[in-house]
There are 2 protein chains.
Amino acid sequence: MAALAGAPRRSTPGRGEVRLWLRLLTCTTTIEAEIRRRLRREFGVTLPRFDVMAALDRAPDGLTLSEVSKRMMVSNGNLTGLVERLVASGHVNRRPSPTDRRAQVISLTETGRSDFRVMAAAHEGWIAAMLADLPDPRIAELTDLLGRAKSSARKVATDD
Amino acid sequence: MAALAGAPRRSTPGRGEVRLWLRLLTCTTTIEAEIRRRLRREFGVTLPRFDVMAALDRAPDGLTLSEVSKRMMVSNGNLTGLVERLVASGHVNRRPSPTDRRAQVISLTETGRSDFRVMAAAHEGWIAAMLADLPDPRIAELTDLLGRAKSSARKVATDD
DNA sequence: AGCCGATGTTTGAAGCTTAAAGTAAAGCCG
DNA sequence: CGGCTTTACTTTAAGCTTCAAACATCGGCT
């Protein structure tokens, strides 16, 4: 969370951007914490597991671990353990990739898929409720602006 | 989710909100990952520690653990360990609260403050660079919209 | 064929994070 | 005062997360 560092200088360049960043962060954190809490309380599931299942739900033929980790923007090492637990709980199954002996393809089990559908519906409702104060045009506007912010950030983040 | 049989409503209610949420999330994650990476690489510091220091930098008289955990929106238990490590590394010191024997007041050490100032300046520059494509009016607009989103979310998140 | 840099995955260490349970002190109220 | 609720903090267990290092395989190149 973050930091508004200091010195009460007047128009430091970058000030407005930092302010925006802090707001972005608290906004995300607030929503995310609530979703995490409800997923746990109502379905006994953690957010990261939900996220894996969400990625798989959109890919009926399964995905490799790398593909999932790219979509979720988490490290590969992270995914190893996550998937291990999802396999153990019967929500996901893994099989070796037919075309690449290094890779594994994972997909939702029957149970996994039907559990996910129930959770996803609730999830959608929670989001809608939390953003209920924003009329549709604002939603669209915000979505657009965030898209620009994202691609601006990505430019810098990728070149290293 | 949805798209069952029947009356094609304008669009699934809640859809646009979910789309917005996902974009908010990837936007935040992208920026946050980059900041985390740079803090580690250039200063050997983790983001949570930076955040604690940022909170303390703005409070010259120190803060109790609870106050910090409220600002950072993390659990109290989390902060216990975080502060422990910051004390160990000489960035923060703790003393008992003069008015409440349960509480501890923590504040930046000299080292902590001067280290933080250096990092904060770099941090501000990174943020500004990542958001460089957004002209000032867009920044303001986005900040405003996020404020609305936040308070909308907070309404739902707090009542439970 | 054989090398070699890139890719897919796992492992390990360190640290972050939460929820839940526990201890201690404060504050209220009859 | 004595009892009750709240608040401050710590502890524990489980899980998440990253980075870095280790492997195995792949694909291109010579």
Side-chain angles (χ1 to χ4, degrees), chain A residues 1-2 28-30 32-53 62-89 91-92 94-106 160, chain B residues 28-30 32-53 62-89 91-92 94-106 160:
Chain A
M1 201 108 324
T28 300
T29 303
T30 301
E32 186 174 339
E34 184 66 13
I35 291 177
R36 172 174 274 123
R37 206 168 60 83
R38 293 194 188 192
L39 280 175
R40 166 182 286 274
R41 212 190 33 180
E42 311 209 351
F43 301 111
V45 122
T46 64
L47 182 52
R49 284 183 209 190
F50 178 82
D51 289 340
V52 173
M53 292 169 79
L63 295 170
T64 65
L65 293 195
S66 288
E67 286 167 337
V68 176
S69 84
K70 223 162 276 165
R71 281 166 214 230
M72 287 178 61
M73 299 200 270
V74 300
S75 66
N76 275 342
N78 190 348
L79 219 61
T80 295
L82 217 35
V83 167
E84 198 171 282
R85 288 183 284 271
L86 278 165
V87 169
S89 69
H91 292 93
V92 162
R94 27 180 3 156
R95 56 181 193 282
S97 161
T99 64
D100 186 336
R101 261 185 307 172
R102 292 166 304 175
Q104 312 221 12
V105 178
I106 62 174
D160 185 33
Chain B
T28 301
T29 303
T30 300
E32 186 175 339
E34 185 65 14
I35 293 177
R36 172 174 275 124
R37 205 169 62 82
R38 293 193 188 190
L39 280 175
R40 166 182 288 274
R41 211 190 32 179
E42 312 208 350
F43 302 111
V45 117
T46 64
L47 181 52
R49 284 183 208 190
F50 177 82
D51 290 340
V52 173
M53 292 169 80
L63 295 170
T64 65
L65 294 195
S66 290
E67 285 167 338
V68 176
S69 83
K70 223 162 277 165
R71 282 167 213 229
M72 287 179 60
M73 300 200 269
V74 301
S75 67
N76 274 343
N78 191 349
L79 218 61
T80 295
L82 218 35
V83 167
E84 199 171 281
R85 287 183 284 270
L86 279 166
V87 168
S89 68
H91 292 92
V92 161
R94 22 177 10 154
R95 56 181 193 281
S97 161
T99 64
D100 185 336
R101 261 186 306 171
R102 294 167 303 177
Q104 313 219 12
V105 177
I106 63 175
D160 185 31

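From a predicted model like this one, the values you see are computed outputs, not experimental measurements. Quick note on labels: first sequence line is chain A, next is B, and so on, each numbered from 1.
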Tabulated below should be each protein N or O lying under 3.5 Å from an N or O of nucleotides 1-7 of chain D; please produce it.
from	atom 1	to	atom 2	distance (Å)
D:dT7	O2	B:R102	NH1	2.3

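Distance check, rounded to the nearest 0.5 Å: CZ of A:R37 to CD of A:E42 gives 9.0 Å.
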* To do: Summarise how protein sits on nucleotides 14-21 of chain C as a single string, 5' to 3': B when a protein heavy atom is under 4.0 Å from the base, S for sugar-phosphate-only contact, - for no contact.
  => --SSBS--

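Under the side chain to side chain donor-acceptor pair (under 3.5 Å) criterion, A:S66 pairs with no residue at all, not counting sequence neighbours. Legend: residues meeting side chain to side chain donor-acceptor pair (under 3.5 Å) with A:R40, ordered by chain and number and at least two apart, are absent.
The pair B:E34-B:R38 meets the salt-bridge criterion, since a charged nitrogen lies less than 4.0 angstrom from a carboxylate oxygen.
Applying the 4.0 Å criterion to OP1 and OP2 of D:dC26, one finds that A:R101 has a side-chain N or O inside that range.
Within the 4.0 angstrom heavy-atom criterion, no nucleotide atom of any strand lies near A:S97.
Considering only the side chain of B:L65, D:dC9 comes nearest among C:dT9, D:dC9, C:dG8.
Within the 4.5 Å cutoff, the side chain of A:L39 has no heavy atoms near those of the A:R49 side chain.
Note on residues 95-106 of chain A: pairs passing salt bridge (Lys or Arg N to Asp or Glu O under 4.0 Å), not counting sequence neighbours, are A:D100-A:R102.
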Can you give each donor-acceptor pair under 3.5 Å made by side-chain atoms of residues 72-88 of chain B, sequence neighbours left out, with the distance rounded to 0.1 Å?
from	atom 1	to	atom 2	distance (Å)
B:S75	OG	B:N78	N	3.2
B:N76	OD1	B:S69	OG	2.7
B:T80	OG1	B:N76	O	3.4

